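Inspection log for the structure reproduced underneath, given as C-alpha cells.
No hydrogens, no waters, no symmetry mates; every other heavy atom, side chains included, goes into these values. If you're wondering where the values come from, they're calculated on a predicted model, not measured in any experiment.
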Amino acid sequence: MARGTGERARPLRTMHALRAQRDQLRAQIVAGREAAARRQRSLGKRTARDRLDLLLDTGSFIEVELYRRHRASGLGLGDRPHTDGVVAGSGTIDGRRVFVYAQDFTLFGGSLGEAHATKIHKVMDLAVATGAPLIGLNDSGGARIQEGVLALHGYGGIFRRQVDASGVIPQISVVLGPCAGGAAYSPALADFTFMVRDTARMYLTGPDVVEAVTGQRVSHEELGGADVHGSRSGVATVVHDDEESCLADVRYLVSLLPANYLDLPPRAAARAAGSDRRHRFAELVPVESNQPYDMRDVLAELVDDGEFFELHEGWARNVICALARIDGQVAGVVGNQPLVQAGVLDGPASQKAARFVRFCDAFGIPLVTLVDVPGFLPGVEQEHAGIIRHGAQLLHAYCEATVPRIQVVLRKAYGGAYIVMDSRSIGTDLSLAWPINEIAVMGAEGAVNVLFRKDLAAAADPGRLRGQLVSQYAEEFMHAQYAAERGLVDDVIDPAETRSAVARGLEMLRGKRKAGPRRKHGNQPI
C-alpha cells in the first residue's frame, strides 16, 4: 500500500516541478519583454503587444508558439530570445475571428529569420484553414543576414501563401516601421496596405544603395515614406498620422468585409432606404456638364449615415473607390471625380478602379458605379505610358465580375470611358440615369466640329452655324431618353430617387448567381 502511494507521488512531484519551471520561464520572458517595452516606448514607439491591444477586442488574443526561438549559433546573434521577434496568434474584432502577427522591433530589429518566418507561416495557414481574415503588423529591418538563405526561404514561404490566399480570405498589411528589401512585397501582395506617417517606410533598396548606384541623395521619407506610397506609387491604400487612428480604421475595414470568399459581407440593420428620397442630390450636381463638384458629397448622400471607407484617397484622385453600406448591405462604389481633372480616366485611375472591382468580385461585394466621365485622358505621355493597357485592365475587371452590378449615369458619359464604366454592353445588371444624362461618343460641340468641319469652314458666320448644329445634334442624339429608348438604360430617375433606386436594385439582385465560362483563368492585361 505504501509502495503504491509512493509511485503515485513521484509523478505528482515531477508535474509540480515542471509547472514551476514553466512558470519561471514565463516570468523571465515577461521580465525581458517589459524591459524591451520600456526601451521601445522611450523612443516614442509602441510595442508589438501594445499594437495588438489596440487592434483586437480586449482579452481575445490567443498567442501561438510563444517559446519559439532561432537555432543559429556563433553568428553574432547573441541570445536566443523566445518569440524570435514576432508575436503571432488570433483574436477577435467586434467579436469576429481574425489571425494576426506583429513584428517585434525590440528583438533583432524585427528581422526575419527561419523561426520568425515559420510562426508567420503558421498563422497564415490557420487563417486559410478557418476562413478568417489575416492582418500583419510590419515593423522589421528585413531579412536576418546572419541566417542567410533560410531568411530568404522564409520570405518566399510568406509570399507563396499570400498568393494562394488571394481571393480566399481578406489580407490586410499594416506598416508601422521599416519594411525594406524583399519584405516590401508582402504589403504589395495584400488586399489593403495601411501606413503611418513619419514612422513607416517601405522600399526595395535604401537611400545608401540609391546614392551608391545613381548618385542621388534622398532621405528615407522621400524614398519610401507613407505620403510617397499614398499619393505617388499607389502602394499604400490608407495613410494615417498616428497608430491609434490607423488601427481603429483597420477595425472599421474588417467590419465591412466578409470573413472569406464563401461568406456574405456582414449586414447591418436595414434603413428603409427603398423609400428614402434625397432632394439634395440635385443640389450637389450642377446641370452644366463642364462644372466641377465633389463626387464624395454624392457618395455621402447615397450611403447609410454618410459613412464610407475610401481607398487610395491620395492616389489617382480622379476616380473614387470606397466601401460603404446601402440599406445595411455592404457595397463597393466606384465613381468618377469631376473635382480632379474633370473625372477623366487615365492610367493610374484605371488601375486603381480595376483592382478594387476585382477585390469586390472576389469577395461577393456588389458594385455600384457612379458615372460622370468626359472620356480617357488624351496625350502622347498617356499613350506612351500604356493607357490602352491600363484601360483594358478596368474593362477586363468589370467584364469578369459576376457580383450584382448597378450603374448610375449622373451627367455625361462619353466614348470608350462610358463603356468601361460598367455599361450595359459589358454586363451591368441595372443601368439608371438622371434626366441630365448625356451618353454619346463625344460632346455635341466636339461631334459637330468633326462631322461638319467643311461646312463650318465655308460658312459666312461659322459661330452661328456651329451653335445651330450643336443644338440640333444634342436634341436628336443626346436627349435624356435616347439610351433608354434603345434599352441601354433601364430607367431615367429623378435625382432624389437615387438612393432608393439603388437600394431596391441591390435587394432585387441579392440572390444573383452566375458562373463564368469554364477555364483555368483569363489573361488580364496586367
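Residues Arg96 and Asp57 are not paired through a salt bridge, judged by the lack of any N-O separation under 4.0 Å between the basic side chain and the carboxylate. Look at Asp429 and Lys512 and you find a salt bridge, because one of the NZ, NE, NH1 or NH2 atoms lies within 4.0 Å of a carboxylate O, short of that distance. With salt bridges taken as basic N to acidic carboxylate O contacts below 4.0 Å, one links Glu507 and Arg267. Asp297 has no carboxylate O lying under 4.0 Å from a charged side-chain N of Arg280, or vice versa, which leaves the two without a salt bridge. A salt bridge is defined here as a Lys NZ or Arg NE, NH1 or NH2 lying under 4.0 Å from an Asp or Glu carboxylate O, and Arg504 with Asp276 fails to meet this definition.
Atom CG of Leu262 has more than 12 neighbouring heavy atoms from other residues, nucleotides or ligands inside a 6.0 Å radius. Within 6.0 Å of the OH atom in Tyr293, the count of heavy atoms belonging to other residues, nucleotides or ligands exceeds 12.
For the residue pair Thr369 / Gln407, no side-chain donor-acceptor distance below 3.5 Å is found, with atom types taken as modelled. Using modelled atom types, one finds no donor on one side chain facing an acceptor on the other under 3.5 Å when comparing Ser500 with Glu497.
Pairs passing the side-chain hydrogen bond (donor to acceptor under 3.5 Å, both in side chains) check and including a residue from residues 324-342, sequence neighbours excluded, read Asp294-Gln337.
Separation of the Tyr185 and Tyr155 ring centroids does not fall under the 6.0 Å cut-off.
Atoms OH and CG, from Tyr101 and Leu137 in turn, are 8.5 Å apart once rounded to the nearest 0.5 Å.
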